[in-house]
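Inspection log for the structure reproduced underneath, given as structure tokens.
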Amino acid sequence: MLDIQLLRNNIDGVAERLATRGFTLDRSAFQALESERKSLQTRTQELQANRNSLSKQVGVLKSRGEDAAAVMAQVAALKDELEANEVRLGELLKELDAFLSGLPNLPQDSVPIGRSDADNVEIRRWRVPRRFDFAVKDHVDLGEGIGQLDFATAAKIAGTRFSLMRGELARLHRVLAQFMLDTHVTQHGYTEVYAPYLVNAASLTGTGQLPKFEEDLFKILRADAEPLYLIPTAEVPVTNIVRNEILAADELPLKLVCHTPCFRSEAGSYGRDTRGMIRQHQFDKVELVQIVAAGDSLAAHEELTGHAERILEMLDLPYRRVTLCTGDIGFSSAKTYDLEVWLPAQQAYREISSCSNFEAFQARRMQARCRNERNKIELVHTLNGSGLAVGRTLVAIMENFQNADGSISVPEVLRPYLGGTERISAR
RNA sequence: GGAGACGUGGCCGAGAGGUCGAAGGCACUCCCCUGCUAAGGGAGCAUGCGGGCAUAAACCUGCAUCAAGGGUUCAAAUCCCUUCGUCUCCGCCA
């Protein structure tokens, strides 16, 4: 959510910056809502002040045993106008809130201007992709070839966009998450978190998935209780740890890492990535979250992205870092780096991590605050990034570490996690 | 699943229709006194949203908030209803 003060003071500037991301700000709608709000709120508060002071007089008179009927009649006379005003004001504030909730974040100045992913800017590449002297297979053929990846059975059990792994491949997948967690905890200073996989609507509103993106979520309706949603990312439960909190200055930065399954309905992507594990309804992800003081988020963004890159480097996977352009950046983000890993079978770099700085956008929705050096309360900045998407990392390992015989070599750093296993093949 | 108790500021805790945004204590901040790993005195100290206001800070001021939402009333922390949460006992269970 944007700062409403910014819209009041400089709506043209806001409109201009939102236009770079292809969003048209309805200035007249805002100004109409805002001017009605101002007069109505002032009037309502005036009436409330009146009522409050008159009611106090009633109390004073009665305690003295005097007649309060005349004052009570005055209060009663206020009642109709006050109630009408309160109702209208309530509606108006809701409309304003809905309007504000629909506005995406302002991109930072360093974000390249563009319309689509074609305009994203590559920052750097790490490692030249390996050359193969045989015909490469994709991860589906590799996994099915060794009998450890089984989409047909997953479809029978659940449906499309699910996967089933067995044996050493399943173990490799599990161990990958373990390796990522260990690295972030022991080398990058994160605190490990275990969090709920089902969350309430308030949490999703806090991080910006609701109200706008409900169709992307799996929703659990309950007969006698509020609905719950399956988390689309650990960002939701972990960032909401600080919702409605005021943190002490010395508690920051908060660096949290959390491994969870993620659930996405993928509505609207029916034709895309239908083959394999790239786009699933359920996938595992290790998520990095940082909660920092407002002045520190730029540096924290670089640091966090570096932590995700470190995992790719330790696994010896070629990747590139891309700055998303204004047209491709997420709704809540002020700036996003995508890390894209090389997939030999696709001859392309594919997203494996997305590292975003949300600045105060989520914090404002969540009322997540801290005290600064002068003991004043201010909104924190929130950041997160995948460190990494586990399923896609597995895909990248399978494809990049494949051998001519269809077996898969295990990256060095993972071997201790697999009891020394160096290669995975059909048994 | 059944029965009961409870939810008040950063924390503890009073308040049981009226001058209560809320006693008292702890913690914290500033000042004074003192001089030693302490004690004493004074002041300040919830959050959100408005208005003064024109950019920020400061300040003044209004409204709202005593788990959340609704209701009764001239007036609600206090009475009623619903929801959420916590605790205790019983049952069940990984």
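Residue numbers start from 1 in every chain, and the chains themselves are labelled A, B, ... in the order their sequence lines are given, proteins ahead of strands. Please read these numbers as outputs of a predicted model, since none were measured by experiment.
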Note to self: Show the nearest heavy-atom pair for residues A:Ser297 and A:Glu359, with the distance to one decimal.
What the structure shows: OG-CG, 4.5 Å
Item checked: Same-atom distance (P) from B:A5 to B:C11, integer angstrom -> 26 Å
Checklist line | Close side-chain approach of A:Gln362 to A:Glu235, heavy-atom, < 4.5 Å | finding: yes
Next item on the list: Specify the closest pair of heavy atoms between A:His301 and A:Cys355, including all atoms of both residues, with the distance to one decimal.
Entry: NE2-O, 2.8 Å
Check: Between B:U47, B:A75, B:A64, which nucleotide gets closest to the side-chain atoms of A:Arg51?
Finding: B:A64
Next item on the list: Would you indicate which nucleotide in B:C74, B:U47, B:U19 comes nearest to any side-chain atom of A:Val75?
Entry: B:C74
Next item on the list: For A:Gln74 and B:C74, give me the distance from atom CD to atom C1', rounded to whole Å.
Entry: 11 Å
Note to self: I need the CG-C1' distance between A:Leu6 and B:A56, as an integer number of Å.
What the structure shows: 14 Å
Next item on the list: Under the ring-ring contact (aromatic ring centres under 6.0 Å, His included) rule, collect the residues that match up with A:Tyr417, sequence neighbours excluded.
Entry: none
Next item on the list: Output yes when at least one side-chain N/O atom of A:Arg371 is less than 4.0 Å from OP1 or OP2 of B:C45, else no.
Entry: no
Next item on the list: Please state how far atom CG in A:Leu228 lies from atom P in B:G85, giving the value in whole angstrom units.
Entry: 10 Å
Next item on the list: Select base, sugar-phosphate, or nothing to describe what A:Leu54 touches, counting heavy atoms under 4.0 Å on all strands.
Entry: nothing
Margin query: For RNA chain B, which residues of residues 26-45 of chain A approach it to below 4.0 angstrom with any heavy atom?
Written below: A:Arg37, A:Lys38, A:Gln41, A:Gln45
Checklist line | Whole-Å P distance, B:A77 and B:U72 | finding: 16 Å
Next item on the list: Write down the distance separating the P atoms in B:A75 and B:C63, rounded off to the nearest Å.
Entry: 15 Å
Check: Using Watson-Crick and G-U wobble pairs with both distances under 3.5 Å, what is the 5'-to-3' dot-bracket string of RNA chain B, with [ ] for crossing pairs and | for pairs outside the strand?
Finding: ((((((((.[[[..)..(.....]]].(((((.......))))).(((((((......))))))).[[[[[..)....]]]]])))))))....
Next item on the list: Using the P atom as the reference point in each nucleotide, state the distance between B:U78 and B:G71 in Å, no decimals.
Entry: 14 Å
Item checked: Phosphate OP1/OP2 of B:C49 contacted by A:Arg364 side-chain N/O (<4.0 Å) -> no
Margin query: I'd like to know if A:Asp3 and A:Arg8 make a salt bridge, using a cut-off of under 4.0 Å between side-chain N and carboxylate O.
Written below: no
Next item on the list: Report the distance from atom CZ of A:Arg8 to atom P of B:A56, rounded to the nearest whole Å.
Entry: 11 Å
Note to self: Please give the distance between the C1' atoms of B:U86 and B:G70 as a whole number of Å.
What the structure shows: 23 Å
Next item on the list: Would you tell me whether A:Thr183 and A:Arg310 have side-chain atoms, one donor and one acceptor, within less than 3.5 Å of each other?
Entry: no
Notebook entry, point to check: Do A:Arg88 and A:Asn85 meet the criterion of a side-chain donor-acceptor pair at a distance under 3.5 Å?
Noted result: no
Note to self: I'd like the P distance from B:G17 over to B:G2, given in whole Å.
What the structure shows: 33 Å
Note to self: Please determine whether a side-chain nitrogen or oxygen atom of A:Asn52 lies at a distance below 4.0 Å from atom OP1 or OP2 of B:A64.
What the structure shows: yes
Check: Using a cut-off of 4.0 Å on non-hydrogen atoms, how would the nucleic acid contact of A:Ile4 be classed: base, sugar-phosphate, or nothing?
Finding: sugar-phosphate
Note to self: Can you measure A:Leu47 atom CG to B:A64 atom C1' for me and round it to whole angstrom units?
What the structure shows: 15 Å
Next item on the list: Salt-bridge test for A:Arg43 and A:Glu81: reply yes if a basic N is under 4.0 Å from a carboxylate O, no otherwise.
Entry: yes
Margin query: Please classify the nucleic acid contact of A:Ala49 as base, sugar-phosphate, or nothing, using heavy-atom distances under 4.0 Å.
Written below: sugar-phosphate
Next item on the list: Take A:Gly59 and A:Lys79, find for each the nucleotide of RNA chain B with the closest heavy atom, and name the residue whose nucleotide sits nearer the 5' end.
Entry: A:Gly59
Notebook entry, point to check: So which nucleotide from B:C74, B:C63, B:U47 ends up closest to the side chain of A:Ser55?
Noted result: B:C74
Item checked: Results of side-chain hydrogen bond (donor to acceptor under 3.5 Å, both in side chains) for A:Glu168 - residues two or more places apart only -> none
Notebook entry, point to check: Charged N to carboxylate O below 4.0 Å: is that the case for A:Glu245 and A:Arg369?
Noted result: no
Check: Say you pick atom P in B:G69 and the same atom in B:A14; how far apart are they, in whole Å?
Finding: 25 Å
Item checked: Carboxylate-amine/guanidinium contact A:Arg321 A:Asp338, below 4.0 Å -> no
Note to self: Nearest 0.5 Å, please: how far is CZ in A:Phe358 from CG in A:Leu383?
What the structure shows: 7.5 Å
Notebook entry, point to check: Between B:A75 atom P and A:Gln48 atom CD, what is the distance in whole Å?
Noted result: 12 Å
Note to self: Could you tell me how far B:G41 sits from B:G48 if I compare only their C1' atoms? Round to whole Å.
What the structure shows: 36 Å
Item checked: Pair listing, ring pair (Phe, Tyr, Trp, His ring centres under 6.0 Å) test, anchored in residues 238-259 of chain A, at least two apart -> none
Next item on the list: Calculate the interatomic distance between A:Leu78 atom CG and B:A75 atom P; express it in whole Å.
Entry: 10 Å
Next item on the list: Look at the side-chain N and O atoms of A:Arg369 and state whether any lies under 4.0 Å from the OP1 or OP2 oxygen of B:G48.
Entry: yes
Margin query: What is the distance, to the nearest angstrom, from the CZ atom on A:Arg365 to the C1' atom on B:G48?
Written below: 18 Å
Check: Just by distance, with hydrogens left out, do A:Thr260 and A:Lys285 show a side-chain donor and acceptor under 3.5 Å apart?
Finding: no
Sort me out a list of protein N/O and nucleotides 58-60 of chain B N/O pairs below 3.5 Å, or just none if empty.
residue : atom : partner  : partner atom : Å
B:A58   : OP1  : A:Lys376 : NZ           : 3.0

Notebook entry, point to check: Under 4.0 angstrom, heavy atoms only, what part of the nucleic acid is A:Gln367 near: base, sugar-phosphate, or nothing?
Noted result: sugar-phosphate
